[in-house]
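Within every chain, numbering begins at 1; the chains are lettered A, B, ... in the order of the sequence lines, protein sequences first and strands thereafter. Bear in mind the structure is a predicted one, so any value in this text is a computation, not a measurement.
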Amino acid sequence: NAGVTQTPKFQVLKTGQSMTLQCAQDMNHEYMSWYRQDPGMGLRLIHYSVGAGITDQGEVPNGYNVSRSTTEDFPLRLLSAAPSQTSVYFCASSYSLAGVYGYTFGSGTRLTVV
Amino acid sequence: AQKITQTQPGMFVQEKEAVTLDCTYDTSDPSYGLFWYKQPSSGEMIFLIYQGSYDQQNATEGRYSLNFQKARKSANLVISASQLGDSAMYFCAMRDPTGANSKLTFGKGITLSVRP
C-alpha cells in the first residue's frame, strides 16, 4: 500500500544508546519531516527535508540527526538517547504544494528511554 | 513565528449532533495554509481538511467544514452529524508560510468524545 512506512513501531532504549528510526515513502513526495508528540504539547518539528541531499532543523533538533540520500528514505538518528527523548515520533511527507492533498503521516514510533 | 492556539477543554457531543472545534492562529504573512488532523486512539494522524488563506470559500469535505474567519484569525472545524467514530483528538495546524511547504506548526489538540 502506498504511504509512509515507519519502523520500528515500538522501541525501548537505555540512556546513552543510539538508534535509527526508519521512514520510507513510495509516493515520490519531495518533502519529508520528523515530528515528536508529547502529552499536552501537540506535534513539534524535529528536522525536515525539501529533497534528496537537503535537510534543515526544525523546532527541537537537539540530540537528533537526519540525512536524505534518496527521495524515498528519511531516517532519524538518536545520537545518545536521553529520557527526555521518550516520545512518539511521526514521519510525514508531502508534495511541494501540500495544500489540498495534506501531509501523509506514518503510523508512528513509540520510543521509551530508560 | 506562527502560532496555533487550541484552548477548549475536552469536548462532548451527542451522536448525530453538530460540534465546533475552535482554532485561532497568528501569523504576519498573508499567505498561509491551515489544516485539521484527526488522531484516534490508535495513534495515526488522519488529514481531514485544508483551507488556504486566499481561498474565497470555506473548505468542506463530507461532514467536515472549516469556518474560516480571516479577520479574526480563526479556523474552526465543524463536524456535522457526529458519529461514535469521531471520538478522537483533533489538531489544527498551519503550514510555514515563509518558504518550504514541509513544515507544520500544530496546536495542542482538542479531545472530542461522542456520546451515544
Side-chain angles (χ1 to χ4, degrees), chain A residues 1 3-6 9-10 23 25 27 29-51 54-61 66 68 71 74 87-111, chain B residues 1-10 21 23 25 31-55 57 59-61 64 66 68 75 77 89-111:
Chain A
N1 293 334
V4 178
T5 302
Q6 286 185 240
K9 293 190 183 299
F10 301 94
C23 176
Q25 54 92 8
M27 297 170 286
H29 285 170
E30 298 105 316
Y31 298 136
M32 297 185 75
S33 315
W34 277 102
Y35 294 83
R36 59 177 290 173
Q37 182 178 21
D38 301 298
M41 297 291 291
L43 279 74
R44 292 181 293 167
L45 181 66
I46 305 171
H47 286 284
Y48 67 98
S49 168
V50 301
I54 306 170
T55 64
D56 204 347
Q57 296 181 350
E59 181 185 354
V60 287
V66 293
R68 182 107 179 262
T71 299
F74 190 44
S87 188
V88 179
Y89 292 84
F90 287 97
C91 179
S93 72
S94 67
Y95 292 109
S96 58
L97 296 177
V100 296
Y101 302 110
Y103 292 71
T104 301
F105 282 80
S107 57
T109 295
R110 186 173 295 274
L111 175 68
Chain B
Q2 62 273 21
K3 183 179 179 182
I4 295 287
T5 303
Q6 296 179 267
T7 58
Q8 288 170 305
L21 306 182
C23 172
Y25 60 91
S31 176
Y32 50 89
L34 295 157
F35 300 79
W36 277 91
Y37 280 86
K38 172 184 178 181
Q39 187 178 44
S41 58
S42 52
E44 69 268 31
M45 296 289 288
I46 302 168
F47 167 63
L48 295 178
I49 198 166
Y50 167 80
Q51 180 82 45
S53 59
Y54 293 121
D55 293 342
Q57 294 186 328
T60 60
E61 287 289 345
Y64 305 108
L66 203 151
F68 182 47
L77 177 70
M89 179 80 80
Y90 289 81
F91 291 96
C92 180
M94 177 161 49
R95 183 182 67 223
D96 182 352
T98 59
N101 285 306
S102 60
K103 298 197 289 184
L104 289 175
T105 298
F106 283 83
K108 295 183 178 182
I110 302 167
T111 300

K.L.:
Quick check on B:Gln51 against chain A: is it the side chain, the backbone, both or neither that has a heavy atom closer than 4.5 Å?
P.N.:
neither

K.L.:
Would you say CZ of A:Arg44 has more than 12 non-hydrogen atoms from neighbouring residues, nucleotides or ligands within 6.0 angstrom?
P.N.:
yes

K.L.:
Let me know if A:Gln37 has heavy atoms under 4.5 Å from chain B in its side chain, its backbone, both or neither.
P.N.:
side chain

K.L.:
Pair A:Tyr103, B:Phe47 - check ring-ring contact (aromatic ring centres under 6.0 Å, His included), show working.
P.N.:
CA-CA 7 Å; A:Tyr103 292 71; B:Phe47 167 63; 8.6 Å; no

K.L.:
Side chains of A:Phe90 and B:Met45: closer than 4.5 Å at any heavy-atom pair?
P.N.:
yes

K.L.:
What distance separates A:Leu43 CG from B:Gln39 CD, expressed to the nearest 0.5 Å?
P.N.:
7.0 Å

K.L.:
Is there a side-chain contact between A:Tyr35 and B:Leu104 in this structure, where contact means two heavy atoms from C-beta onward sitting under 4.5 Å apart?
P.N.:
yes

